[in-house]
Every structure is written in structure tokens, then in C-alpha cells.
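Reviewing the structure listed below.
Position 1 is the first residue of the sequence; numbering continues from there.
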Amino acid sequence: MSFLIPAAYAQEAAAGPAGSGFEWLFLVGFLVIFYLMIWRPQAKRAKEHKNLIGGLQKGDEVVTSGGIAGKVTKVADDFVVIEVSDNVELKFQKVAIAATLPKGTLKAI
């Protein structure tokens with residue numbers, strides 16, 4: 001019956017892919033590009049925002065993330081009170097402050 005089924009003999013193990021170094025180089029290159037284009041700029045922006053929040057003082061002119069501009073009248077641990085008009089004050093979380101404006105910007109408006 002062996003004449004109907006050919007005999008299977010063990011073969012030598014196949015060698016690994018010839019370009020295995022290229023795959024590692026591609027992976028490392030991808031990680032470097034990911035770091036330079038995504039991770040590093042995001043960390044820089046987060047650090048700048050943290051410094052902005054930490055340096056808020058009474059009298060600073062700021063813009064919130066919602067686009068409301070005003071002058072800081074009171075600074076607490078987590079909250080800031082902003083005067084947006086005469087006798088109109090709004091309370092915001094510090095993290096909602098997007099940017100500070102140069103002094104005198106709000107008087108021009």
C-alpha cells in the first residue's frame with residue numbers, strides 16, 4: 001500500500017527571512033518618527049500649559065478654552081474668577097484657561 005502514498009521525509013528547517021535586519025530598522029524608524037511628531041510636541045504643550053496655569057495672577061488678561069476673554073480678579077487652588085465686563089464675574093477651573101493676553105488687550109476691544 002505504500003506505493004499509493006508517497007513517503008514523507010523530514011526536510012531541513014527553512015532559514016529565516018533574508019531581510020530580518022530591515023524589519024527591525026523599519027520598526028525603530030517608526031518609533032523615532034512617532035516620538036518626534038507626536039509624543040515630544042504634546043509633552044511640550046502640556047508643560048507650557050502647566051506653567052501658564054501655575055503663573056496666573058490677579059490682573060492677568062486671559063482667554064478660556066471656550067473663547068471668553070477677561071481679567072483675572074481672584075485666583076484659588078483650582079478655580080479662577082474672571083471679570084468679563086463691568087460687575088460681571090465668572091468662575092472657571094484653572095485648566096479651562098487657554099492663553100494669556102498682553103496687558104491692555106481687553107481695553108482695545
Side-chain angles (χ1 to χ4, degrees):
M1 191 131 185
S2 65
F3 60 93
L4 295 178
I5 301 174
Y9 297 105
Q11 297 179 358
E12 293 182 23
S20 63
F22 180 73
E23 284 92 18
W24 282 106
L25 182 64
F26 184 74
L27 179 65
V28 169
F30 179 75
L31 292 175
V32 167
I33 290 171
F34 177 78
Y35 172 77
L36 291 175
M37 294 185 72
I38 297 173
W39 186 270
R40 193 169 144 230
Q42 181 63 28
K44 184 179 177 184
R45 277 192 295 271
K47 184 179 178 182
E48 289 174 355
H49 190 257
K50 186 177 180 181
N51 290 338
L52 173 105
I53 298 298
L56 283 177
Q57 298 176 355
K58 182 178 178 180
D60 286 347
E61 296 178 0
V62 296
V63 175
T64 66
S65 57
I68 298 173
K71 184 183 273 189
V72 176
T73 58
K74 194 184 300 181
V75 179
D77 289 337
D78 293 331
F79 290 92
V80 178
V81 177
I82 299 175
E83 182 179 11
V84 293
S85 182
D86 294 333
N87 299 325
V88 178
E89 293 183 342
L90 300 173
K91 191 175 193 178
F92 290 96
Q93 289 183 328
K94 277 187 173 180
V95 294
I97 304 299
T100 58
L101 300 171
K103 297 284 185 185
T105 302
L106 294 177
K107 301 235 187 267
I109 296 175

- Is there a chain of hydrophobic side chains (I, L, V, M, F, W, Y, each step under 4.5 Å between heavy atoms) that links Ile68 to Ile53?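 The answer is yes; both residues are in one hydrophobic cluster.
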- Item | Leu106-Val62 co-clustered via ILVMFWY side chain contacts under 4.5 Å |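 Different hydrophobic clusters.
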- In Å, rounded to the nearest 0.5 Å, how long is the span from CZ of Phe22 to CG of Leu27?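 CG of Leu27 is found 11.5 Å from CZ of Phe22.
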- To the nearest 0.5 Å, what is the distance between OG1 (Thr105) and CD (Glu61)?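 Reported to 0.5 Å precision, the distance equals 5.5 Å.
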Acceptor/donor pairs from residues 76-103 side chains to any protein atom, 3.5 angstrom cut, sequence neighbours excluded:
from: Lys94; atom 1: NZ; to: Ala76; atom 2: O; distance (Å): 3.2
from: Lys103; atom 1: NZ; to: Gly59; atom 2: O; distance (Å): 3.1
from: Lys103; atom 1: NZ; to: Asp60; atom 2: OD1; distance (Å): 3.4

Distance-only criterion, 3.5 Å: show the donor-acceptor pairs between side-chain atoms of residues 35-47 and protein atoms not counting sequence neighbours.
from: Gln42; atom 1: OE1; to: Arg45; atom 2: NH2; distance (Å): 3.2

